[in-house]
Amino acid sequence: NVRPRRLPTCPRLREEVKSLEKRPTLLLVTEEHRIDPADWAQAVANAEGPQLVVGGPGTGKTEFLVRRSLWLLEDANVDPEEITLLSFSRRGVADLEKRVQAGLTRSYTAVPASTFHSLASRLLETYAEQALGWDEMPALLTGPEQVALVHELLISVDPQSWPLRFRGLLAMHSFAREVTDFLIRCQ
């Protein structure tokens, strides 16, 4: 089942999305290679362009990424600025940076590593005005700031508009956390 996509609410972005949907799509299909750690040396050295490494927990995705980065830096003489290491968490980024630095035999400027969210934020900061027409960046809220905002909104609501049995929930922080979590998961 294909669910229809909701278009963005920003008029300019909505028009851009509509125009993109009318353009032909190029789907580049590449070969999938399943490799064991014993075969990593060849895979690390022979791959051209970006790589997508997929595997379950503990299968060596991070180690493969570290080895690939070290090969690019040390053997292929790629500038560190041409490499971007991405991870889902700040802890993962710190681990990547530490492991790459530990494996280097020469001194380099830092290899750029960040979370996916941080990269997306930097891309918006750099290109949002020209690509989306934004004159300023929206404020990015931390998790606790999101809950606080939802809490403020809930306590500002007229309790009479809520069923009697739910009115006591409006001022509770735990309810604000649950509503925030629900809103984040909504599509």
Side-chain angles (χ1 to χ4, degrees), residues 1-29 32 34 50-66 84-99 112-187:
N1 293 339
V2 176
R3 291 175 45 189
R5 254 187 324 171
R6 288 183 11 207
L7 290 175
T9 55
C10 171
R12 185 171 178 168
L13 186 56
R14 177 186 296 261
E15 291 306 312
E16 181 63 23
V17 169
K18 283 182 182 178
S19 72
L20 287 173
E21 289 174 347
K22 294 176 187 172
R23 297 178 193 163
T25 303
L26 174 64
L27 179 61
L28 181 61
V29 179
E32 178 180 308
R34 295 176 184 259
Q51 292 179 324
L52 176 63
V53 180
V54 180
T59 56
K61 298 178 299 294
T62 302
E63 181 60 27
F64 184 87
L65 183 58
V66 168
T84 300
L85 301 173
L86 296 173
S87 183
F88 287 100
S89 67
R90 289 185 203 129
R91 185 173 19 174
V93 167
D95 182 48
L96 276 172
E97 290 173 330
K98 183 176 86 177
R99 288 165 72 172
S114 72
T115 64
F116 288 93
H117 298 96
S118 175
L119 176 65
S121 177
R122 285 183 288 156
L123 288 171
L124 282 174
E125 287 172 353
T126 304
Y127 301 107
E129 184 176 352
Q130 79 183 56
L132 304 172
W134 295 358
D135 6 343
E136 64 182 62
M137 279 287 294
L140 299 177
L141 303 178
T142 65
E145 290 171 331
Q146 293 171 15
V147 173
L149 178 61
V150 169
H151 184 258
E152 286 177 30
L153 293 171
L154 288 171
I155 61 175
S156 70
V157 170
D158 177 16
Q160 300 302 319
S161 64
W162 281 67
L164 183 60
R165 63 182 173 172
F166 296 124
R167 291 178 189 167
L169 296 174
L170 294 174
M172 296 177 67
H173 284 280
S174 58
F175 183 60
R177 275 194 304 276
E178 292 299 321
V179 170
T180 303
D181 183 63
F182 175 76
L183 291 172
I184 289 170
R185 295 175 192 276
C186 287
Q187 293 184 348

Quiz item: Any idea how H151 and H173 line up, ring-wise: parallel (<30°), tilted (30 to 60°), or perpendicular (>60°)?
Solution: parallel
Is the number of heavy atoms from other residues, nucleotides or ligands under 6.0 Å of [X] [atom1] greater than 12?
X    : atom1 : value
Y127 : OH    : no
R167 : CZ    : yes
Q160 : CD    : yes
K98  : NZ    : no

Exercise. I would like to know whether D181 and R177 meet salt bridge (charged side-chain N to carboxylate O under 4.0 Å, His left out); could you show each step before the answer?
Key: CA-CA 6 Å; D181 183 63; R177 275 194 304 276; over 6 Å; no
For the side chain of [X] and the backbone of [Y], is there at least one donor-acceptor N/O pair under 3.5 Å apart?
X    : Y    : value
S118 : T115 : no
T180 : A176 : yes
K61  : G56  : yes

Do you know the tightest heavy-atom contact between [X] and [Y]?
X    : Y    : value
L154 : W162 : CD2-CZ2, 4.3 Å
S161 : V157 : OG-CG1, 3.7 Å
S87  : G92  : OG-CA, 3.4 Å
F116 : L86  : CE2-CD1, 3.6 Å
E145 : T142 : OE1-N, 2.7 Å
Q146 : L141 : NE2-O, 3.1 Å

Quiz item: Measuring from L132:CG to E129:CD, what's the distance to the nearest 0.5 Å?
Solution: 10.5 Å
Practice problem: Please round to the nearest 0.5 Å and tell me the distance separating atom CG of L124 and atom CG of L140. | Solution: 8.0 Å
Exercise. Could you tell me whether the side chain of L85 reaches within less than 4.5 Å of the side chain of V93, counting heavy atoms only?
Key: no
Quiz item: Do L96 and V66 come close enough that some side-chain heavy atom pair is under 4.5 Å?
Solution: yes
